[in-house]
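Below, chain A is the first sequence line, B the second, and so on; all start at residue 1.
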Amino acid sequence: MNRRVRQIVESTLEALRNEGLFEGELPPVTLERPKRPEHGDAATNVALVLAKRAARPPREIAEAIATRLRADASGTIASVDVAGPGFLNVRLDPNAFLGVLANVHAEGEQFGFAPAGSRGRRVNVEFVSANPTGPLHFGHGRGAVLGDCIARLLRATGWDVTTEFYINDRGAQVAALGRTLHYRYLQALGHEAVEPEGDGWYRGEYMVELGQRLAREAGDAHAGKPAGDPFFRDYAKDILLDVIRRDLAALGVQIDVWSSERALTETGLVEETLSALRARGLVAEQDGATMLLTGERFQDKEGRPKNEVLVKSDGELTYFATDIPYHLDKLRRGADLLIDVWGADHHGHVPRLRFALECAGADPTRFEVVLVQMVRAYRDGVEVKVSKRAGQYLTLAEIVDEVGPSAARFFFVLRRHDSQLDFDVSLAKRQDQENPVFYVQYAHARCCSIVRKAREEHQLEVPAYDATLARALEHPIERDVMLRLGELPEVVAAAADARDPHGVGVYLRELAGLLASHYTQTKRTGDTVLPLPSTMASDGWRERWPWDRTRARLMWLDAARQVLANALRLLGVDAPEKMARLDVDETDGSTAPAEG
RNA sequence: GGCCCCGUAGCUCAGGGGAUAGAGCAGCGGUUUCCUAAACCGUUGGCCGCAGGUUCGAUUCCUGCCGGGGCUACCA
């Protein structure tokens, strides 16, 4: 609907340009929903933007535009006001926003999304990419959900999306994993075993279990092998990768491609890339290591120019050395754009990798990184502390199990990705309006419930869109809701563009809020969608009941239901048709968190 | 030291060049307890961390400072 208004404004501007009011390109027409209702249904500041170029007062330009908009014959615009410093406040013709219902009904599950089958540009979204050295921890969940939602958003806006997980199955971390398994395996066999030195091993309980499992499966068949034997590394890695797969699946995260770093090194692509860099004179030996020369681009702590290590003095490749060919490989496989979701603790590597890709001949603008800030978990108002040293951490699986995948996903997406997030586990479990997931899901379930009740108790189906019928929608909230429904495409586009689903969550809460207000308000005043029991208790109520309004509202409510479902699907959150009726079984002693 | 993120109502957070800065919770005042849940309506409450700058216009962009968090490996 805003699209139609925008088109009308744009063609108006074009006409005014032809008349010589201003020159050059059309300014971008931004339409916003005014905060104050008296400012109409849509407002634009184009006149203010144009004022300088046209060398005329903004209000004068606004008047010129307004005059033409008022003459528009498409039946979209009801009135136009010039206000304040030169805003154009547009009031829509009722037909225009009632038409939203027609669009929603026509497009159904596709409403808000790019047309199916549109072949867009190809994007590779890589996320999580945790070391296969243990179950995913709580913090990984945020990156996982963010990456998955970015993928969904891009798909919804016409991109051809591949999601990818890069397995760091080579190098120091998996070597430490192998040593750990060796140690725990010997322990499980009852052999004398020496604890690996320092922090070079994984202290988590899961490794004890893994050692016992190996001992159970193979007896002492592997007891003679040295700690560094690849067997231990691979055995542990394979099992833990399966655990990670399960953790992600439980969260509803879809990974299309699992990419092995080890396999990459075996293709020769790493050597190829190194030689290419060497051929360009960008590589040098320094202190026994092979370095990428970065000129003055990067500095160390003391501010001295710093080169980047590619091959360590012990002959091992750094992750940086394999990251370069890995990203080149993703581009070679046909991606027009690479998006990596990284923890914010890696932010220092973004310019380095981009620089290296550029050195290797790739287009650095095709490489984007979304940095996700850290998450803290709170239970009953106190932070859930973890001990990294003891190998104890809050696992993702634990949280998903506790609050369910829908709540986990919604909570991870509640804040912008570049803000730190406090995840209130107690709140995520609550079954009341305080809990934003419950609130939004309940709005959807309530729509379903009313539609269901209409069918079952009143033999009323949701009517097909009908402009005449739609005119029975007179409640002010109904109008607000229709305006908001029409905004879904813009909300989706903006979220996709920002690589951040957070705006969809905000939108959902606002829409759910409007629907809740409508429900409770009408219930209070008695003009509900369906007749209340008290109404039906009186004689002759059927003749007095405004059935057209009921049918109109069913049409309206069903559109709202559809939009809620579509937006929830974008976040991977369930849109239940019924809320499980909770009986009073709250015996876990959880009390409302006292903030303080 | 350098770099990144954040600072908006008592609390949790939206808004990211435009009009009188919003929501939820908490507080206060009312109404209601019947389409699935204690909700609804109204209302109080803000130097948008501070100071400069850019701009016709800054909460929004830039710089500096203050406060909070994080990163700063020949680990990933």
Side-chain angles (χ1 to χ4, degrees), chain A residues 30 32 34-36 39 43 45 48-49 51-52 57-58 83-87 89 129-131 133 166 168 170-174 176 199-200 261 286-291 298-303 308-320 322-323 343-351 371-374 376 414-420 422 424 427 431-434 436 438-439 442 445-446 449-454 457-458 502-503 505-506 509-510 513 516-526 528-537 550 578-582 595-596:
Chain A
T30 53
E32 60 174 24
K35 293 160 197 150
R36 305 172 69 79
H39 291 152
N45 64 348
L48 291 152
V49 175
K52 199 164 198 174
F87 288 99
N89 291 334
S129 296
N131 292 328
T133 54
Y166 183 51
N168 294 116
R170 183 204 66 84
Q173 302 296 326
V174 284
D199 285 338
E261 182 185 8
Q286 196 178 314
D287 305 327
T290 305
M291 317 279 269
F298 304 110
Q299 285 84 41
D300 65 9
K301 275 185 199 178
E302 280 72 42
E308 291 297 317
V309 178
L310 292 166
V311 186
K312 297 192 256 177
S313 50
D314 65 0
E316 276 288 317
L317 293 167
T318 61
Y319 80 94
F320 183 62
T322 54
D323 257 3
D345 51 347
H346 292 82
H347 80 265
H349 299 297
V350 178
L371 293 174
V372 56
Q373 286 287 335
M374 58 176 286
R376 276 184 298 232
L414 265 181
R415 298 267 268 130
R416 298 164 46 127
H417 65 76
D418 55 5
S419 290
Q420 294 175 15
D422 292 336
D424 187 336
L427 181 61
Q431 302 287 314
D432 61 37
Q433 281 76 356
E434 294 290 303
F438 179 91
Y439 192 67
Y442 192 56
R446 188 177 263 163
S449 161
I450 293 174
V451 167
R452 187 168 52 239
K453 193 160 190 148
E457 295 183 13
H458 301 283
H502 147 266
V506 173
R509 281 188 291 169
E510 286 175 0
S517 288
H518 183 270
Y519 179 84
T520 42
Q521 270 184 43
T522 54
K523 190 165 175 174
R524 222 169 62 82
T525 47
T528 44
V529 175
L530 300 176
L532 297 172
S534 59
T535 302
M536 294 188 283
T550 287
K578 277 184 185 178
M579 295 308 273
R581 180 72 172 194
L582 270 207
E595 294 299 330

- Message: According to side chain to side chain contact (heavy atoms under 4.5 Å, CB included), who are the partners of A:Arg415, at least two apart in sequence or on a separate chain?
- Response: A:Arg142, A:Ser419, A:Leu421
- Query: side chain to side chain contact (heavy atoms under 4.5 Å, CB included) with A:Asp314: which residues, sequence neighbours excluded?
  - Reply: A:Lys312, A:Glu316
- Item | Identified stems (criterion: three or more consecutive Watson-Crick or G-U pairs, under 3.5 Å), RNA chain B | B:1-7 with B:66-72, B:10-13 with B:22-25, B:27-31 with B:39-43, B:49-53 with B:61-65
Atom pairs, protein N/O to nucleotides 22-33 of chain B N/O, distance under 3.5 Å:
{"unit_1": "B:U31", "atom_1": "O2'", "unit_2": "A:Arg524", "atom_2": "NH1", "d": "2.7"}

- Query: What nucleic acid atoms does A:Ala43 come within less than 4.0 Å of, heavy atoms only: base, sugar-phosphate, or nothing?
  - Reply: base
- Sorted by chain and number, sequence neighbours left out, salt bridge (Lys or Arg N to Asp or Glu O under 4.0 Å) with A:Asp345 holds for none
- Taking only residues two or more places apart in sequence, or in another chain, which ones meet A:Arg509 in a salt bridge (Lys or Arg N to Asp or Glu O under 4.0 Å)? none
- Regarding A:Thr30 and A:Asn45, is there a side-chain donor-to-acceptor distance under 3.5 Å anywhere? yes
- Base, sugar-phosphate, or nothing for A:Ser419, non-hydrogen atoms under 4.0 angstrom? sugar-phosphate
- Does the base of B:C34 carry an N or O that pairs as donor and acceptor with the side chain of A:Thr528 under 3.5 Å? no
- Among all residues two or more places apart in sequence or in another chain, which pass the side chain to side chain donor-acceptor pair (under 3.5 Å) test with A:Asn131? none
- Of the nucleotides B:A19, B:G15, B:C5, which has the atom closest to the A:Arg416 side chain? B:G15
- Item | With sequence neighbours excluded, residues passing salt bridge (Lys or Arg N to Asp or Glu O under 4.0 Å) with A:Glu434 | none
- Task: Starting at the 5' end of nucleotides 69-76 of chain B, put B wherever the base has a protein heavy atom under 4.0 Å, S where only the sugar-phosphate does, and a dash everywhere else.
- Result: BBSSSBBB
- Query: Sequence neighbours excluded, which residues qualify as salt bridge (Lys or Arg N to Asp or Glu O under 4.0 Å) partners of A:Glu308?
  - Reply: A:Lys306, A:Arg352
- Applying side chain to side chain contact (heavy atoms under 4.5 Å, CB included), name anything that partners A:Arg524, two or more places apart in sequence or on another chain. none
- Task: Identify, with sequence neighbours excluded, every residue that meets side chain to side chain donor-acceptor pair (under 3.5 Å) alongside A:Glu510.
- Result: A:Arg484
